K.L.:
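Okay, here's the structure, questions in a sec.
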Amino acid sequence: MRIKHIILASAVLVSVSSFAQKDELKKLKRIYEKEAPSANDLADYKANLVKLAPLATEEGDKVYYDFYRVTLPGIEMAVLGPTASPAQLFKLFNPNAIADLATAYNTTLDYEKKTGKKVFTDEITKDITTFKPILVNVAINLGDAKKFKEAGDVLYSVYQLDKKDQDKLYYAASYAVNGLDYDKALSYYYELKQLNYSGEGTIYWATNKASQKEETFNNKNERDIFIKTGTHEKPRDEKAESKKGEIYKNIALILVEAGKIDEAKAAVSDARNANPNDNSLILTEADLYLKLNDMTNFTRLVNEALENDPNNKLLYFNLGVTSANSNKLDEAEKNYKKAIEIDPNYFDALLNISELKLRADEKYVTEMNKLGTSEKDNKRYEVIKAEREKCFKSVLPYLEKAVELKPEDDAAKKTLLSVYNALEMTDKYKALKAKQ
């Protein structure tokens, strides 16, 4: 009899536990589904989560407990309403909370797919659409605050929420690189490689009327909705080039940094074999050899890329930089001039060719300082002075154009001031100096 009594008592406890469990789940669901929960609702939600925690032992109960737990920040945000400050939003949707949310949402979706009962599947899809822009803004704010690692974590969680949005994985990798989190970056890049991600397509931009900042949209239809509602204006489309080259380049550079040279070469070689017509991958291999200080293979590959794209100013510019670093000044000047010929407003090429030409000035000044006061030395001084003046005059059009393009660039302005001073162009010197 005693044994039977214990068994019956246990059965009653299980029944009570099961009833309580379902009761807590119902209360949580009721509050979760409210359009505008109150502060009291929030308190009840938290209290029911605490009660449910020890009772959720079955798979389904564990899944839904986790679902309600990770959606708590959403309830808190709804209670705060439009008065929520960025600091409050960040506290609610910090990187750990977002990662937790992504995991629980995916677990819930998998469970409902397995059981065939769509309790929250549609709601989760709607929530992801609502939360994604908020989470992306959290990542952007973290990036602006130089918290690159955390920004990468947030964007990776956004990708986990919506794996169709592979762009977020790409930007998560970029943030991880900036945050020196190379292990995660490499992991993300390998995942992008496995997905055969290229990033090619169209970027849809429009200007937010309130902030006057340009914003991007997932597709044209989404942007059109915002244009029609009147919150945005000035729509424009931008072609997104293939990012495969950059992805493989970063994989290679991370591997090189880790001392895995052979793996880096193999990664780039595999990429080129799989995409033989992708010019960006030729440049990726070229960058790898530049990193390894193998100028012969670097130059060979850049010239190979130029055969495919003879009007690529960046290729000529890079050849100019490499030649200059190898002290092949004539070759460097020729490549910089070619880049400027393709794009007369190419600021970096204009500045670099100026620096290249001004290298001769140190040689002139050194020789002039060594000269004495003899007639022969005086004649030599005049010759050098004329050569120096000729050098400065040859630099002038490049520097003036560079400063015209970027008047805020201090390096360009200081160099131009020095040239004006050397050529005794007092009026121009004073005019430019006054703008500082």
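Keep in mind it's a predicted model, so treat the numbers as computed, not measured. Residues take their numbers from the sequence shown, with the count starting at 1.
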K.L.:
Inspect the contact between Lys370 and Asp377 and indicate whether a charged nitrogen and a carboxylate oxygen are less than 4.0 angstrom apart.
P.N.:
no
K.L.:
Locate the shortest heavy-atom distance separating Val63 from Thr107; write the atom from each residue and the value.
P.N.:
CG2-CG2, 4.1 Å
K.L.:
Treating Asn335 as the side-chain partner and Glu331 as the backbone partner, does any N or O pair qualify as donor plus acceptor under 3.5 Å?
P.N.:
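At least one qualifying donor-acceptor pair exists.
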K.L.:
Indicate whether the side chain of Tyr64 and that of Glu112 have a donor and an acceptor atom separated by less than 3.5 Å.
P.N.:
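The answer is yes; a qualifying pair exists.
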K.L.:
Going by distance alone, is a donor N or O of one side chain under 3.5 Å from an acceptor N or O of the other, for Glu215 and Trp205?
P.N.:
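Checked: Glu215/Trp205 side chains show no N/O donor-acceptor pair below 3.5 Å.
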K.L.:
Give a yes or no on whether the backbone of Leu417 and the side-chain of Asn421 come within a donor-acceptor separation of less than 3.5 Å.
P.N.:
no
K.L.:
To the nearest 0.5 Å, what is the distance between CG on Asn352 and CG on Leu356?
P.N.:
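Those atoms lie 8.0 Å apart.
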K.L.:
Verify, without hydrogens or angle tests, whether Ser187 (side chain) and Asp183 (backbone) share a donor-acceptor contact under 3.5 angstrom.
P.N.:
no
K.L.:
Once rounded to the nearest 0.5 Å, what's the spacing between atom CG of Leu72 and atom CG of Leu42?
P.N.:
6.5 Å
K.L.:
Is the terminal nitrogen or CZ of Lys220 (NZ for Lys, CZ for Arg) located under 6.0 angstrom from the six-membered ring centre of Tyr204 and within 45° of that ring's axis?
P.N.:
no
K.L.:
Which atom names give the shortest non-hydrogen contact between Thr129 and Pro133, and what distance separates them?
P.N.:
O-CD, 3.2 Å
K.L.:
For the pair Asp165 and Lys168, find out whether any cationic side-chain nitrogen is under 4.0 Å from an anionic carboxylate oxygen.
P.N.:
yes
K.L.:
Classify the side-chain pair Tyr159/Glu191 by whether it contains a donor and acceptor separated by less than 3.5 Å.
P.N.:
yes
K.L.:
Atom CG in Leu301, atom CG in Leu281: separation rounded to 0.5 Å?
P.N.:
11.5 Å
K.L.:
For the residue pair Phe317 and Tyr346, does the interplanar ring angle fall in the parallel (under 30°), tilted (30 to 60°) or perpendicular (over 60°) class?
P.N.:
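Phe317 vs Tyr346 ring planes: tilted.
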K.L.:
Salt bridge or not for Glu304 and Arg272, using N-O below 4.0 Å?
P.N.:
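The answer is yes: the pair qualifies as a salt bridge.
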K.L.:
Please answer whether the main-chain N or O of Ala206 pairs with a side-chain N or O of Glu214 as donor and acceptor at a distance below 3.5 Å.
P.N.:
no
K.L.:
Strictly below 4.0 Å, N to O, side chains only: are Lys46 and Glu76 in salt-bridge contact?
P.N.:
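Salt bridge present between Lys46 and Glu76.
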K.L.:
Side chain of Asn106, backbone of Gln160: donor and acceptor closer than 3.5 Å?
P.N.:
yes
K.L.:
Is it true that Lys385 and Glu389 make a salt bridge, defined as a side-chain N closer than 4.0 Å to a carboxylate O?
P.N.:
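So Lys385 does not pair with Glu389 through a salt bridge.
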K.L.:
Is it true that Lys428 and Glu400 make a salt bridge, defined as a side-chain N closer than 4.0 Å to a carboxylate O?
P.N.:
yes
K.L.:
List the atom of Ala412, the atom of Leu399, and the distance in Å for their closest heavy-atom pair.
P.N.:
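So the two residues come closest at O-CD2, 4.1 Å.
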K.L.:
Other residues, nucleotides and ligands only: do more than 12 of their heavy atoms fall within 6.0 Å of NZ on Lys147?
P.N.:
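Result for NZ/Lys147: open.
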K.L.:
Roughly how far apart are Lys328 NZ and Leu319 CG, rounded to 0.5 Å?
P.N.:
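Answer for the NZ-CG pair, Lys328 versus Leu319, is 10.5 Å.
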K.L.:
Going by distance alone, is a donor N or O of one side chain under 3.5 Å from an acceptor N or O of the other, for Tyr197 and Asp167?
P.N.:
yes
K.L.:
Side chains of Glu246 and Tyr170: do they bring a donor and an acceptor to under 3.5 Å?
P.N.:
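Yes, side-chain donor-acceptor contact under 3.5 Å.
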K.L.:
Kindly give the heavy-atom pair with the smallest separation between Ala332 and Ala324, and that separation in Å.
P.N.:
CB-N, 3.6 Å
K.L.:
Answer yes or no: is there an ion pair linking Asp237 with Arg223, defined by an N-O contact shorter than 4.0 Å?
P.N.:
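So Asp237 pairs with Arg223 through a salt bridge.
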K.L.:
Looking at CD1 of Ile251 and NZ of Lys193, how far apart are the two atoms once the value is rounded to the nearest 0.5 Å?
P.N.:
5.5 Å
K.L.:
With rounding to the nearest 0.5 angstrom, report the CD1 to CG distance, Ile98 to Leu92.
P.N.:
10.5 Å
K.L.:
Gln212 side chain to Lys209 main-chain N or O, any donor-acceptor pair under 3.5 Å?
P.N.:
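Such a contact is found between Gln212 side chain and Lys209 backbone.
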K.L.:
Ring-plane angle category for Tyr175 and Phe148, please: parallel below 30°, perpendicular beyond 60°, tilted otherwise.
P.N.:
parallel
K.L.:
Checking Asp41 against Ser38: is there a side-chain donor and acceptor pair closer than 3.5 Å?
P.N.:
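There is such a pair (donor and acceptor under 3.5 Å, judged by atom type) between the side chains of Ser38 and Asp41.
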K.L.:
Is there a ring pair (Phe, Tyr, Trp, His ring centres under 6.0 Å) between Tyr188 and Tyr156? Walk through the geometry before answering.
P.N.:
CA-CA 9 Å; Tyr188 298 162; Tyr156 185 72; 4.5 Å; yes
K.L.:
How close do Leu49 and Tyr65 get, heavy atom to heavy atom, and via which atoms?
P.N.:
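Leu49 and Tyr65 have their closest heavy atoms at O-CE1, 3.4 Å.
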K.L.:
Is it true that Lys118 and Glu123 make a salt bridge, defined as a side-chain N closer than 4.0 Å to a carboxylate O?
P.N.:
no
K.L.:
Between Asp100 and Asn96 (side chain of the first, backbone of the second, donor and acceptor by atom type, cut-off under 3.5 Å), is there such a pair?
P.N.:
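Looks like no, no N/O pair under 3.5 Å.
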K.L.:
If you look at every heavy atom in Asn345 and Leu350, which pair is closest and at what distance?
P.N.:
C-CD1, 4.5 Å
K.L.:
Under a 3.5 Å threshold, yes or no: a donor from one side chain and an acceptor from the other, between Asn273 and Asp270?
P.N.:
no
K.L.:
State whether the number of non-hydrogen atoms from other residues, nucleotides or ligands found under 6.0 Å of Glu33 atom CD is greater than 12.
P.N.:
yes
K.L.:
I'd like to know if the side chain of Thr108 reaches the main chain of Ala104, judged simply by a donor and an acceptor atom lying under 3.5 Å from each other, with no hydrogens or angles considered.
P.N.:
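Looks like yes, one N/O pair under 3.5 Å.
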K.L.:
Surrounding CG of Asp330 (heavy atoms of other residues, nucleotides or ligands, distance under 6.0 Å), is the total greater than 12?
P.N.:
no
K.L.:
Heavy-atom count around Asn219 CG within 6.0 Å, excluding the residue itself: above 12?
P.N.:
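Yes, because the 6.0 Å sphere around CG of Asn219 holds more than 12 heavy atoms from other groups.
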K.L.:
Can Asn178 and Lys149 be counted as having a side-chain donor-acceptor contact under 3.5 angstrom?
P.N.:
no
K.L.:
Using a cut-off of 6.0 Å, state whether more than 12 heavy atoms not belonging to Glu382 lie near its atom CD.
P.N.:
yes
K.L.:
Is a side-chain donor or acceptor of Thr71 paired with a backbone partner of Tyr68 at a separation under 3.5 angstrom?
P.N.:
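Yes, because the side chain of Thr71 sits within donor-acceptor range (under 3.5 Å) of the backbone of Tyr68.
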K.L.:
Are Tyr32 and Phe120 an aromatic pair, judged by ring center distance below 6.0 Å?
P.N.:
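When the ring centroids of Phe120 and Tyr32 are compared, they turn out to be within the sub-6.0 Å range.
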K.L.:
Keeping the roles fixed (side chain from Thr299, backbone from Thr296), state whether a donor-acceptor pair exists under 3.5 Å.
P.N.:
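Answer holds: no.
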